[in-house]
Amino acid sequence: MTDIRPLAAGNWKMNGLRASLGELEAIASAVRAGETGRAEVLICPPATLIAAAAQAGGGMAIGGQDCHAAASGAHTGDISAQMLRDAGATYVIVGHSERRADHGESDQMVRDKAEAALRAGLTAIVCVGETRDQRESGQTLAVVGSQIAGSLPHDATAATLVVAYEPVWAIGTGLTPTAADVAEVHAFIRHELIDLMPGEGEKVRILYGGSVKPANAVELMGVENVNGALVGGASLTAKDFLGIAGVYK
Ligand code: PEP
């Protein structure tokens with residue numbers, strides 16, 4: 001069994017002003033004090049805070065929540081992977097279900113963004129996951145399989161790619177799949193990654209995301225092939241986020 005360093009990642013979504021950097025500083029100081037053990041810790045604040053977060057967050061990584069597929073150009077309001085890197089980010093989330101739904105992002109668009117991230121020297125966190133209807137009609141593995149086949153970047157390595165399994169119905173709802181359901185999907189993703197990326201697929205980190213809280217983190221992070229968490233709501237306060245990342249102490 002490959003020893004994979006877990007990743008505890010927070011996605012602040014469209015939340016956070018400069019005043020919120022206090023939470024980030026508290027997380028960073030706990031990381032430096034060893035409270036998150038062997039985990040790598042990442043916060044993805046809104047783009048407006050990336051540069052300041054990279055300054056304030058010594059000891060942890062900072063990431064973006066999306067990037068454009070092009071390096072530069074006439075795309076008003078968009079941000080390129082290169083710009084994120086220049087601001088101090090080392091990761092970027094692509095294909096979050098909120099972007100797939102709100103902005104009509106297809107698998108191909110997500111792959112293009114992930115490949116742009118790699119070209120810019122960022123590690124891409126590619127999100128996949130089924131809706132409630134898809135789970136109830138038994139399509140979970142088919143949906144996740146087709147998102148994996150369609151949205152992962154070509155030529156990625158275990159150092160430049162993270163996959164986040166985020167059932168859409170579990171995001172922000174307080175609902176989570178059972179540990180057995182998580183194990184089934186993560187084992188399936190691992191199998192697909194090994195197939196697609198020989199020699200690398202066994203080392204790619206697969207995060208679980210969707211209503212991870214301090215109260216369920218030990219159980220969810222203990223599931224086989226779960227190599228960390230992607231955390232939304234509970235990443236907004238240092239106390240809750242450290243209650244999750246702290247399981248790796
Ligand atoms: C997310 O949006 O990536 C997420 C997992 O959100 P939450 O933890 O709030 O469910």
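Start at 1 and go down the list; that is how both ligands and their atoms are numbered. Because the structure is a prediction, the values reported are computed rather than measured.
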(message) If we count only N and O atoms by modelled type, under 3.5 Å, do the side chains of Trp169 and Glu130 hold a donor and an acceptor together?
(response) yes
(message) Working to the nearest 0.5 angstrom, can you tell me the gap between Arg32 CZ and Glu25 CD?
(response) 8.5 Å
(request) Would you please classify the geometry between the His186 ring and the Tyr208 ring as parallel, tilted or perpendicular, with 30° and 60° separating the classes? (result) tilted
(message) Suppose clustering is done on Ile, Leu, Val, Met, Phe, Trp and Tyr with side-chain heavy atoms closer than 4.5 Å. Which residues sit in the same group as Leu230?
(response) Leu7, Leu42, Tyr91, Ile93, Ile125, Val162, Leu207
(message) Using every non-hydrogen atom in the two residues, find where Val212 and Ile244 come nearest and quote the distance to one decimal.
(response) O-CD1, 3.5 Å
(request) State, yes or no, whether a side-chain contact exists between Cys44 and Ile62 at a heavy-atom distance under 4.5 Å. (result) no
(request) Tell me the residues surrounding ligand 1, counting only those with a heavy atom closer than 4.0 angstrom, sorted by chain and number. (result) Asn11, Lys13, His96, Glu166, Ala170, Ile171, Gly172, Gly209, Gly210, Ser211, Leu230, Val231, Gly232, Gly233
